[in-house]
Amino acid sequence: MCIRDRLFGPTCDALANAKWRPDDFLQAPLVVLALARLAGRDERSREVLADYAVRDRVRGAVQSLLERRPRLRDWRKQRLSSYIAYYLTAALLEVVDGAHDAGDGYGDDGEFRLLALLGIDRQDVGKALARSFAVARDELCRQLAAHAAGDASAFDVVRLAYSLSTYVAVADARETVARLGNDDIVVEEPNRKLCAAALRAFFREQRDDGTWPPGQAIFLRSRRSFDVGNAYVFFVDVLATVLGCGLPHALFLPYTSEVARTTTWLETHDVDGRGWRSDRLAPGGPPLAWCTAQALRCASSSLRVVRSLLNDHVLDEFGGRGPTAPDGAGFERLLDSDMSSGLSLKGVVRDRVIAPRLGGPGCEAWSAVLFGPPGTAKTTTAECVAKALGFGFVVVDTACFLEDGISNIASRIGYVFDRLKKLERVVILFDEIEEFCLDRNTPGIGMESRVLTTAMLTQINDLRRAERSVFLIATNRLNAFDSAIVRPGRLDLLLFIGTPSRPARVARFEESLAALCPGRDNEADAATFASFLEAHWDVAMFLNFMESERLKANAVAAVRDGAALDDALLAGLLDDAAATMVLRDDAARDEYRENLKLTRL
């Protein structure tokens, strides 16, 4: 558990018991949002909310939010500003999602556990979210119409921004909202053209110095007395909300200059290196905590969007694909292979690469060499790791480094790695690049090859130190690499990817047999296949993935066609496969056995 995770529980405890009022519509949405988010991530935080006094207080706050939700009948005279309406909606969405499927026992159906804990009627929440969506959509359309008509008296950039953010936030959660059980809940998919038009209008209103006009006040009606600066939204909070509302980052590509303009304002308005003050406040005062928090949130949101756009640009240049939702199905379907010391390839990759990045235990590995004979699914393994993590995936091969010609390889290496080091949440596969990493002690090696190896040493080292993406090097010839390339520190793991293990082949045979011969008792045939492999493993072990699949397919086809599966039939099929197998000579098999010992964890 990282330090940040250990702080969740104490933070939730302190916040739940702090002095805040459940009926304060500036405090309550922010506090409820934070508590629900913590409850969704941390068991200790859920225990805090289970305390009777805390639970009663939070329930009161949520009920107050439901009572003050946007209403269609109020039309343009809503009781809350678009700013507060957004945070009210965000808090309700977080309560719906808080502790969802967290395994804590709240609720009977495994859903909406936090709602069940607080005793909140899910239909009331569903109705509130549907109304927030409808009111935000209508207000967004009104603001766009006023902007298109040039009606400055009716247009308000803050109302535009927060109506857009509310609209997108609820629309993105429409499937969850629909499960709240209200028949009259109607939340459509966000209209991409409407969102693009809203962004265009929003960024057109930016001033030359990177700021925006004040817009709608935070409170529409209040008996309190406010400093004029506190009465209006700090423009960096507006931009941070728009950047983080859930819109595809590609929609922000035309506006990177505008985002940079605001970043420049932040850089030039830091008060003595101690924080920020809102531009709505009188100049000359000290930095304020709330302004500084919003400025840092804006900088973080800007960085996240720019990095995402840069990721997409680099992946597009090299023919890669972007991140997706984690999906381990492909990895689980991979045929496992044996390694030294009784370990298996999938077990090591799961423990060192996948599990630590998905919240499990283990020491993270950032780099590895996947080495072994041809046809052992090294590329497939790398791609399945990327899918299991939900990372992007890109292959960099020899042709990529030769794109500028042989005479410019060194500069091209620098160009490629400069871009790869900017990637985040990507699995990078270097495929068969040993020609650029040749052992410098090899007799007769030329000076150019030595220079290329030295250049690759530096670049691989820098890519590993960046710890932003996982990179794997696939090769059939580990012995060709310079020893400095594969030393610990540059490459965390040396993983021999051999032929499929015997249990993996038997399991594959059973699956295929069950699929082609449904309803048939296949236990005896599966036992025959397993015993045959065990008896002839000295030959069968050298069948690579495709060769093993062909043997399995031929055996299954024979059973389907009515043949009796026995040792004689399987021996004939094995002889046919062995005649053309990649590892059919003694030298290749001896090298295979030696490579088994080179695995390094």
Side-chain angles (χ1 to χ4, degrees), residues 4 7 11 14-15 18 20 26-27 29-31 33-34 37-38 81-87 90-91 94 156-166 168-169 199 202-219 226-247 249 251-252 255-310 424:
R4 180 196 65 186
L7 293 175
T11 300
L15 184 57
W20 54 273
L26 182 59
Q27 293 181 349
L30 297 174
V31 171
L33 189 154
R37 187 166 295 173
L38 288 167
S81 67
S82 295
Y83 175 84
I84 292 182
Y86 166 76
Y87 279 104
E94 201 65 52
D156 187 302
V157 69
V158 170
R159 297 182 75 175
L160 171 81
Y162 284 99
S163 296
L164 169 65
S165 299
T166 302
V168 173
L199 287 182
F202 173 71
F203 282 108
R204 281 181 180 173
E205 292 300 308
Q206 188 188 49
R207 296 165 172 164
D208 291 341
D209 63 352
T211 66
W212 274 266
Q216 186 185 50
I218 294 175
F219 291 97
F226 286 96
D227 183 295
V228 66
N230 293 342
Y232 292 93
V233 185
F234 189 8
F235 76 90
V236 298
D237 195 21
V238 183
L239 178 59
T241 301
V242 171
L243 291 173
C245 72
L247 286 171
H249 289 166
L251 289 179
F252 294 100
Y255 309 111
T256 52
S257 296
E258 286 80 356
V259 173
R261 207 177 289 157
T262 299
T263 304
T264 300
W265 187 94
L266 289 172
E267 291 173 346
T268 56
H269 287 76
D270 182 8
V271 181
D272 300 327
R274 296 184 295 125
W276 284 266
R277 285 175 63 83
S278 171
D279 63 327
R280 316 302 184 212
L281 296 168
L288 299 175
W290 66 270
C291 299
T292 300
Q294 292 176 354
L296 292 174
R297 176 171 171 252
C298 180
S300 176
S301 298
S302 301
L303 181 61
R304 190 178 303 113
V305 169
V306 170
R307 280 182 171 175
S308 173
L309 293 174
L310 188 57
E424 288 184 314

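This chain uses plain numbering: 1 for the first residue, then up along the sequence.
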Side-chain donor or acceptor of Ser300 paired with backbone N/O of Leu296 under 3.5 Å: no
Asp209: side-chain hydrogen bond (donor to acceptor under 3.5 Å, both in side chains) partners, not counting sequence neighbours: Thr211
Ser81 side chain to Ile218 backbone, donor-acceptor under 3.5 Å: yes
Residues in salt bridge (Lys or Arg N to Asp or Glu O under 4.0 Å) contact with Glu424, at least two apart in sequence or another chain: Arg307, Arg468
OH-OG distance between Tyr86 and Ser163, expressed to the nearest 0.5 angstrom: 12.0 Å
Partners meeting side-chain hydrogen bond (donor to acceptor under 3.5 Å, both in side chains) with Gln27 (sequence neighbours left out): none
Set of ring pair (Phe, Tyr, Trp, His ring centres under 6.0 Å) partners for Tyr83, sequence neighbours left out: Tyr87, Tyr162
Thr292 (side chain) donor-acceptor with Trp276 (main chain) under 3.5 angstrom: yes
Residues which pass side-chain hydrogen bond (donor to acceptor under 3.5 Å, both in side chains) with Ser165, listed by chain and number, not counting sequence neighbours: none
Side chain Arg261, main chain Gln206, donor-acceptor under 3.5 Å: no
Those residues that, when tested against Phe252, pass ring pair (Phe, Tyr, Trp, His ring centres under 6.0 Å) (two or more places apart): none
Exam field: side chain Arg277 to backbone Pro286, donor-acceptor pair closer than 3.5 Å: yes
Partner set under side chain to side chain contact (heavy atoms under 4.5 Å, CB included) for Val157, not counting sequence neighbours: Phe155, Phe202, Glu205, Trp212, Pro213
Partner residues of Ser308 under the side-chain hydrogen bond (donor to acceptor under 3.5 Å, both in side chains) criterion, sequence neighbours left out: His249
Side chain Thr268, main chain Trp265, donor-acceptor under 3.5 Å: yes
Value rounded to 0.5 Å, distance of CG in Leu266 from CD in Gln294: 11.5 Å
With sequence neighbours excluded, residues passing salt bridge (Lys or Arg N to Asp or Glu O under 4.0 Å) with Asp272: Arg274
Heavy-atom check, side chain of Leu247 versus side chain of Leu164, under 4.5 Å: yes
Inter- and intrachain pairs under salt bridge (Lys or Arg N to Asp or Glu O under 4.0 Å), touching residues 285-306, at least two apart: Asp237-Arg297
